[in-house]
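Data block below; observations after.
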Amino acid sequence: MQNLLHNLNPEQLAAVTLPAQSALILAGAGSGKTRVLTTRIAWLIQTGQVSPSGVLAVTFTNKASKEMLARLSAMLPINTRGMWIGTFHGLCNRLLRAHHKDAGLPQTFQILDSQDQLSAIKRLLKAMNVDDEKYPARNVMYFINGAKDQGLRAHEVEANDDYNRKFVELYDLYDQQCQREGVVDFAELLLRTYELMSRNQPLREHYQSRFKHILVDEFQDTNDLQYKWLKLMAGQHSAVFAVGDDDQSIYAFRGANVGNMSAFEREFKVENLIKLEQNYRSHGHILDSANTLIANNSKRLGKNLRTDAGHGEPVRIQEVSSDLQEAQWIIEEAKSLINEGALRSEIAILYRSNAQSRVIEHALFSNGIPYKVYGGQRYFERAEVKHAIAYLQLMDNLHNDSAFLRVVNFPTRGIGARSLEQLQDAARQYGISLYAAVPFVTGKAGAVLGAFTKLIEAARFETQQLPLPEMVQIMLDMSGLMEHYRTEKEGADRIENLEQLVNAATLFVSEEGFGADAPALLGPQASAMAGAAITLADGVEIIDADAQLSTIMSPLSAFLSHASLEAGDNQAKTGQDALQLMTVHSSKGLEFDAVFITGLEEGLFPHENSQQEESGVEEERRLMYVAITRAKKRLYLSFSQTRMLHGQTRYNMRSRFFDELPDEALKWLSPKIQVQKNDWFARPKAAWVDEPQAGANNIAKNFKRDSGWRIGENVAHQKFGEGVIVNIEGGGDNARAQINFGKHGMKLLDLTVAKLEKV
DNA sequence: AGGGGTAATTCTGGT
DNA sequence: AATTACCCCT
């Protein structure tokens, strides 16, 4: 016990040892937030205030929950596997599997990632003959997710005009389609669980009385639904320990509501509000920069970080003339850091958007410097892996139409658009899945489709009793995927990725306790290793979700959940000491000796899409705050005069954030040029000289460019009809025109390619 | 049916 | 620049 608590500062100690009431901990960056959370759990258990099974700890990322588990098992001599520590989505998945009947789901329900969700919506729009110009699939998806994030079903969404009523209707139809196919999207995992618990009193009371202590990490990132979910799980008697930092709220774009912090304080009658303001991570100049920057935000709960570490080195700022030079400069600096003895893994290169990593990666690669990229294209999102997963999904749930369509003709087996049309007609007519509709298709189409379902059934049957890795291997062979990529000329990488899937399955089985002896499905023998029994209103006894994972879902279902929920780290070369590349978002929670924040330009960081509303810029500022506070000893900021983006060169002003940092903490490596705010033409000459022929989003220069077209000219296009040129950008081989085609809308056409006629 | 080539669109962040 | 949608030919 003494061990647990020693070395905590007074605020941390106070937080860890709070009585069993709801508490809000405002934890600044680097203030030992995770330490407080884990020590709190350990202390509660060690002092006998709660048993391990009475603790529910919720995080947002898998990384965070793994870290928490690891730290806890180091502190406590108990097996942490049975503890309820996980992400909102992971925990909901578990609850829904255990209570799938009451939740109205098949046991093998599958989880759609956002790619899958979007294609499911596209499919729906097509089937319903919806004008996808008026109702783009992406907008429909935003609408649905936005509603679900607020905890609203279609019939609960207010719509005051026909346009919105259509969205509501589509939301409803989408839910029906998902239900028919036995699939749920991310938001649905939470909403379903919420509805299950609010509807089912015995279940609710069981979990409410069980979870005496609920702890929430990154509370500022909760959305309305997650907040309601927490309220429901807590009931009247659980103590909710919420840890968060309003200054690090960077997920408003997916529904996070910082207002939940004050709502929590009010509704949970929080008497214990503790601020952790002592920072143990960053040197003074870095921390001062962060504090000064974030003070520019208006809506804050108020908090100022302090450190005992002394000023340390100044924050270094570098202006470069192009993104290529930026990469080169980073490499020079990183090299000298490494020469001075720095570990590569202690150097992070951060950027606002994933697209920026390419140039840096290229430079690192050609300089032979090992690096590791986080995020971006994840393993389970690669096309070939998605195909393999779709076969597995189909084997586990025949009615998953998305999976069916993805692989029914991949590798090609003579099933074309016409056959599929017949099949979809039949499915719609009887209201059944594509798989189930196969027998209704006659003729040659029926035969080829029948062969496909036979294949799936054979794979299912042959692998039924086999361990997961063998199941995967057999699927890869039987499906013909391996064969297909063997004959493709660029297929070597893909083959490797597919073989990797067998390894992933092996690893998964051993890590998650799906040993060969584990029962494949919930059966009579399962109750022996299950958790408590719950008696439902109708007298039926069911087992709660505390049971071993292997008793509430099959290895295959679990593996498929894992693939959707974790998407897999971007396969990193293991063991190698490497530079760390990632977006600012994915850097949250991490720390490094040296940090580069790159691309600090208006339009990029802060991002242009966020500049419409003040709240958007404030979120960007918080993002910058997160980025700065990742650095322990040394911080570099860079911006470039020109940058290749979307295939054309852009000229950006330096980020406004430079004007929000304290001068005395900064050291300009390149001369600081006074730029009047928003005065584009005051930019240094150099920007022009570098790329004389590049066009850019600039007005004056475009008139000089002779693309053969001029703004205001009337043109005709084969497909879009008549239109008028609204703007021309770029020049030479890059010339593109923005043309208003009236009812066909605004189009951006490449003038060197598009066939336009003068009218 | 399906491959290959061309035209058009995308492009913030991530469970 | 890179991916996706579309068209045309075999």
Side-chain angles (χ1 to χ4, degrees), chain A residues 58-65 86-93 111-115 117-119 122 132 136 138 145 149 184-190 218 221-223 226 249-256 350-356 358-359 362 374-378 380-381 383 409-420 444-445 448 488 561-562 564-567 570 582-588 599 603-611 616 619-620 622-623 626-627 644-650 717-720 734 736 739 744-750 752-755:
Chain A
V58 197
T59 65
F60 278 84
T61 64
N62 299 298
K63 196 169 64 190
S65 68
T87 62
F88 277 104
H89 296 89
L91 295 167
C92 286
N93 181 37
I111 303 166
L112 301 179
D113 64 23
S114 18
Q115 266 180 53
Q117 189 187 16
L118 188 63
S119 53
K122 281 184 182 160
D132 60 356
R138 199 166 287 273
N145 289 342
D149 283 345
V184 299
D185 57 51
F186 285 138
E188 183 73 22
L189 280 171
L190 295 171
E218 308 279 14
D221 287 335
T222 51
N223 63 32
Q226 286 158 339
S249 157
I250 55 175
Y251 285 104
F253 72 91
R254 60 175 202 213
L350 309 184
Y351 33 79
R352 175 65 179 80
S353 62
N354 281 307
Q356 287 164 256
R358 186 177 302 273
V359 176
H362 181 79
Y374 291 82
Q377 171 77 284
R378 318 277 261 291
F380 284 111
E381 289 166 3
N409 198 32
F410 192 95
T412 53
R413 36 176 83 89
I415 300 169
R418 288 175 60 87
S419 310
L420 286 179
K444 199 172 151 230
V448 274
E488 199 180 63
S561 300
H562 166 81
S564 300
L565 290 175
E566 301 206 24
N570 200 15
M582 66 193 82
T583 63
V584 179
H585 278 94
S586 54
S587 76
K588 185 154 76 143
L604 200 61
F605 199 178
H607 197 274
E608 53 197 350
N609 293 3
S610 67
Q611 296 188 13
E619 176 144 323
E620 295 289 304
R622 291 192 293 270
L623 200 48
V626 167
M644 261 315 236
L645 212 63
H646 317 161
Q648 56 184 195
T649 311
R650 301 191 12 168
H717 184 271
Q718 206 181 3
K719 187 170 160 197
F720 304 127
N734 264 328
R736 302 206 285 183
I739 304 174
H744 288 284
M746 200 72 89
K747 306 282 173 198
L748 190 59
L749 303 183
D750 191 329
T752 56
V753 196
K755 296 184 185 89

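Each chain gets a letter, A, B and so on, in the order its sequence line appears, and its residues count up from 1.
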Looking for any heavy atom pair under 4.0 Å, which part of the strands does [X] touch: base, sugar-phosphate only, or nothing?
X	answer
A/F88	nothing
A/A417	sugar-phosphate
A/S419	sugar-phosphate
A/F60	sugar-phosphate

Original post:
How would you list, by chain and number, every residue that makes a salt bridge (charged side-chain N to carboxylate O under 4.0 Å, His left out) with A/D113, sequence neighbours excluded?
Top reply: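 With sequence neighbours excluded, A/D113 shows a salt bridge (charged side-chain N to carboxylate O under 4.0 Å, His left out) to A/K386, given in chain and number order.
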
Original post:
If we take the C1' atom in both C/dA5 and B/dT12, what is their distance in whole Å?
Top reply: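 Approximately 24 Å lies between the C1' atom of C/dA5 and that of B/dT12.
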
Original post:
Expressed as a whole number of Å, how far does the C1' atom of C/dT4 sit from that of B/dG13?
Top reply: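 Rounded to whole Å, the distance is 22 Å.
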
Over how many whole Å does the gap from [X] atom [atom1] to [N] atom [atom2] extend?
X	N	atom1	atom2	answer
A/H607	B/dT12	NE2	P	5 Å
A/R418	B/dG2	CZ	P	13 Å
A/Q115	B/dG14	CD	P	14 Å
A/Y251	B/dG13	OH	P	11 Å

Would one find a side-chain N or O of [X] under 4.0 angstrom from OP1 or OP2 of [N]?
X	N	answer
A/S114	B/dG14	no
A/T583	B/dG14	yes
A/R378	B/dT15	yes
A/N354	B/dG13	yes
A/R138	C/dT4	no
A/N409	B/dG2	yes
A/T412	B/dA1	no

Subject >> Closest-nucleotide 5' rank along DNA chain B - winner of A/L623 and A/E381 >> reply: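 By nearest-heavy-atom nucleotide position, the 5'-most residue is A/L623.
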
Original post:
Which sits closer to the 5' end of DNA chain B, A/R413 or A/L645, going by the nucleotide each is nearest to?
Top reply: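 Per heavy-atom nearest nucleotide, the more 5' residue is A/R413.
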
If you only use heavy atoms from C-beta on, which nucleotide in [options] is closest to the side chain of [X]?
X	options	value
A/R358	C/dA2, B/dT15, B/dG3	C/dA2
A/T61	B/dT15, B/dT12, B/dG2	B/dT15
A/K122	C/dA5, B/dG2, B/dG14	C/dA5
A/T87	B/dT12, B/dG14, B/dT15	B/dT15
A/E619	B/dT15, B/dG13, B/dA1	B/dG13
A/H89	B/dG14, B/dT12, B/dT15	B/dT15

Subject >> From A/K588 atom NZ to A/R622 atom CZ, the distance as rounded to the nearest 0.5 Å >> reply: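 Here the rounded value is 10.0 Å.
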
Are there any protein N/O atoms within less than 3.5 Å of an N/O atom in nucleotides 8-10 of chain C, and if so, which ones and at what distance?
none

**OP:** Output all residues satisfying ring-ring contact (aromatic ring centres under 6.0 Å, His included) with A/H585, sequence neighbours left out; order by chain, then residue number.
**Re:**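 A/H585 satisfies ring-ring contact (aromatic ring centres under 6.0 Å, His included) with A/Y251, A/F253 once adjacent residues are dropped.
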
Original post:
With distance as the sole criterion, is a donor-acceptor pair present between the side chains of A/Q117 and A/S114 under 3.5 Å?
Top reply: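 No.
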
